Novice: 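If you scroll down you'll find the structure; I have some questions about it.
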Amino acid sequence: MEVAIKPVCTLRGDVQVPGDKSMSHRAVMLGALADGETEIENFLFGEDCQSTIHVVQSLGVEVHIEKGRVVVRGGGFNALREPEDVLDAGNSGTTIRLMAGILSGCPFFSVLTGDTSLRSRPMQRVIKPLAAMGARITARSGNAYAPMAITGGGLCAITYRSPVASAQVKSAVLLAGLFADGQTTVIEPVRSRDHTERLLSYFGARVEVEDKQVSVWGRPKLRGCKVVVPGDISSAVFFLVAGAAVPGADLLVRNVGINPTRAGALEVLMEMGADIYIINERQVSGEPVADIRVRGSRLKGTTISGAIIPYLIDELPALAVAASMAEGVTVVRDAAELRFKETDRITAIVKLLSHMGVDITEQEDGFVIRGGRHALQGVECDSYGDHRMAMAAAVAGLKARGITKIKSAECVKISFPAFFDTLNSLSVQ
Ligand code: S3P
């Protein structure tokens, strides 16, 4: 599918973004391990989270959709059954890596795989600690890539010092730790998003967090419960950037998760001079949530590096677009992890924005943008099958000269199926 984006005069209105992707995955997984019924409200019905539902169903867990809610009927840790076929995680890194943790604890054979993009993403980072806990795992290319074959069971608790700040790695080890006796600990170089820790506590597990160190105690009794998923800040960010960069814009993005380990983009946009107000802060299912108002203003360049990077890693394609429209230099460093996402997002961002006429230089672990020099140029571009690149291109197109055509734009279905309709409904031509 090709989508054409016309430049807008301005943007006005209220926006509801879909449920948080990271939380939707975790709610289904913990629901599957809990005893009793888990009801998930505002679940993200995107392709990635549907992959998690299918994988969990293939393990014998009942999952239904009732009146727009997902209902998981878990039977505890011992209720999962050996799947009859290969488990397909589709495009979803969270599905494959977190499920690898759960399957490592299960005393049966399973194979996890995914689409072409997922089969080129690194799996050694989860295989190594899970094998250290006692799971027998083999994977393609010397244990580098999926498909991964797992024979689980008989795990020992470990303390794992992760070389990467990755919530997927941390969560895989913590979820495996649920099946081991005693205390499993993960220590990260920089703290990553903490939804697994929060949701584990919410379901009744014993979890302790101290700075960059998280511990979970094995064999807890998890109770099925009601989880209300906040709106996804990683989807909201496209409207926050559009609202901040388009003159005269005024948007209210409702019900956005503002967990501090996810909300780095808000800090950076404010630092860039964006006119952003956080209102109506509240707690929902153990997570902070708010409404966010954004109005068009003059943006200026900034530096994005260090410990904040994991708190905005998925928002960097959108922030790069903001930087292109800002006056002055924006430097992004310490973000080499972007190369291991749905596509190599450093190369993809540099290709997209340089094609649109932006002065951008690629670095090994980021990029440098000299923004505000000239207006962006509408072009024909590719999403590289990456949902966040498709949405970033669309936001760039709102302020470009001429039409921006995005090829393979259907990939927005991964995290935000109604993205283009939502954008159209806000556009004032
Ligand atoms: C996620 C963790 C991050 C993020 C991804 C979702 C999660 O990946 O980029 O979109 O739900 O745990 P890494 O763990 O690879 O950093």
Side-chain angles (χ1 to χ4, degrees), residues 18-30 43-44 46-49 51-52 55 89-102 114 117-118 120-130 145-146 160 162-175 186 188-200 212 214 229-230 232-238 257 259 261-265 287 307-319 334-346 348-349 365 386-389 391-392 411-412 414-416:
D20 187 85
K21 187 151 81 69
S22 291
M23 279 194 72
S24 295
H25 286 296
R26 286 160 169 82
V28 171
M29 292 178 193
L30 293 191
F43 180 83
L44 167 60
E47 286 179 351
D48 271 11
C49 298
S51 294
T52 291
V55 167
N91 191 244
S92 173
T94 306
T95 308
I96 199 165
R97 296 201 179 103
L98 271 60
M99 284 310 304
I102 291 176
S117 152
L118 192 58
S120 69
R121 296 176 65 185
M123 293 301 141
Q124 178 82 63
R125 50 179 62 195
V126 287
I127 295 175
K128 204 172 154 223
L130 296 173
Y145 303 114
Y160 184 60
S162 176
V164 275
S166 158
Q168 293 177 356
V169 172
K170 171 175 66 179
S171 304
V173 176
L174 295 176
L175 291 171
V186 181
E188 296 190 283
V190 177
R191 215 168 141 210
S192 65
R193 67 188 65 188
D194 65 357
H195 303 296
T196 302
E197 299 87 301
R198 285 177 187 251
L199 214 53
L200 274 170
K212 295 170 214 155
V214 187
V229 179
D232 197 328
I233 193 165
S234 301
S235 296
V237 72
F238 296 102
N259 176 320
T261 62
R262 290 288 299 285
E287 293 271 348
I308 201 170
I309 292 289
Y311 299 173
L312 47 67
I313 190 78
D314 291 341
E315 288 65 76
L316 283 167
L319 291 174
D334 307 319
E337 274 292 305
L338 281 180
R339 296 200 183 273
F340 307 112
K341 299 297 176 189
E342 285 81 336
T343 187
D344 174 341
R345 284 188 181 151
I346 294 181
I349 288 168
D365 63 346
D386 183 326
H387 51 134
R388 302 205 199 282
M389 289 309 304
M391 292 187 271
C411 57
V412 300
I414 294 288
S415 62
F416 198 160

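Indexing begins at 1, ligand by ligand and atom by atom, following the structure's order. Every value quoted in this text rests on a predicted model; they were computed, and no experiment measured them.
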Novice: Take S415 and H387 through the side-chain hydrogen bond (donor to acceptor under 3.5 Å, both in side chains) test and state the conclusion after the steps.
Specialist: CA-CA 7 Å; S415 62; H387 51 134; 2.8 Å; yes
Novice: Do R97 and P122 have side chains that get closer than 4.5 Å, going by heavy atoms?
Specialist: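 Side-chain contact under 4.5 Å: yes.
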Novice: Any nitrogen or oxygen of A167 lying under 3.5 Å from a nitrogen or oxygen in ligand 1? Just yes or no.
Specialist: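 Min N/O separation from ligand 1 is below 3.5 Å for A167.
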Novice: Treating D194 as the side-chain partner and E197 as the backbone partner, does any N or O pair qualify as donor plus acceptor under 3.5 Å?
Specialist: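 Side chain of D194 to backbone of E197: no pair is present.
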Novice: Closest by any non-hydrogen atom to atom 14 (O) of ligand 1: pick that one out of A165, P122, S166.
Specialist: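 Heavy atom nearest to atom 14 (O) of ligand 1 belongs to S166.
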Novice: Say whether K170 and ligand 1 are in contact under the criterion: heavy-atom distance to a ligand atom below 4.0 Å.
Specialist: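 Per 4.0 Å heavy-atom rule, K170 does not contact ligand 1.
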Novice: Is there a polar contact, in the sense of an N or O pair closer than 3.5 Å, between Q168 and ligand 1?
Specialist: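 Such a contact does occur with ligand 1.
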Novice: Taking only non-hydrogen atoms of R26, do any sit less than 4.0 angstrom from ligand 1?
Specialist: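 The answer is yes, since R26 has a heavy atom less than 4.0 Å from ligand 1.
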Novice: Mark yes or no for whether R121, through its side chain, and F340, through its backbone, hold a donor-acceptor pair below 3.5 Å.
Specialist: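 Flag set: sc R121 to bb F340 pair under 3.5 Å.
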Novice: Looking at non-hydrogen atoms alone, which of L316, L338, D314, I309 comes nearest to atom 9 (O) of ligand 1?
Specialist: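 Considering heavy atoms of L316, L338, D314, I309, the nearest to atom 9 (O) of ligand 1 sits in D314.
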Novice: Just go through E342, K341, R388 and tell me whose heavy atom is the nearest to atom 15 (O) of ligand 1.
Specialist: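 Result: the heavy atom closest to atom 15 (O) of ligand 1 is in K341.
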Novice: For P129 and Q124, work out which heavy atoms get closest and say how close.
Specialist: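 Scanning both residues, the minimum pair turns out to be CD-O, 4.3 Å.
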Novice: Quick check: does any side chain N or O of S171 sit under 3.5 Å from a backbone N or O of L98, one acting as donor and the other as acceptor?
Specialist: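 Not at all, since once roles are kept as given, no pair shorter than 3.5 Å links the two residues.
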Novice: May I ask you to identify, for H195, whether its side chain, its backbone, both or neither come under 4.0 Å of ligand 1 on a heavy-atom basis?
Specialist: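 Answer for H195: neither.
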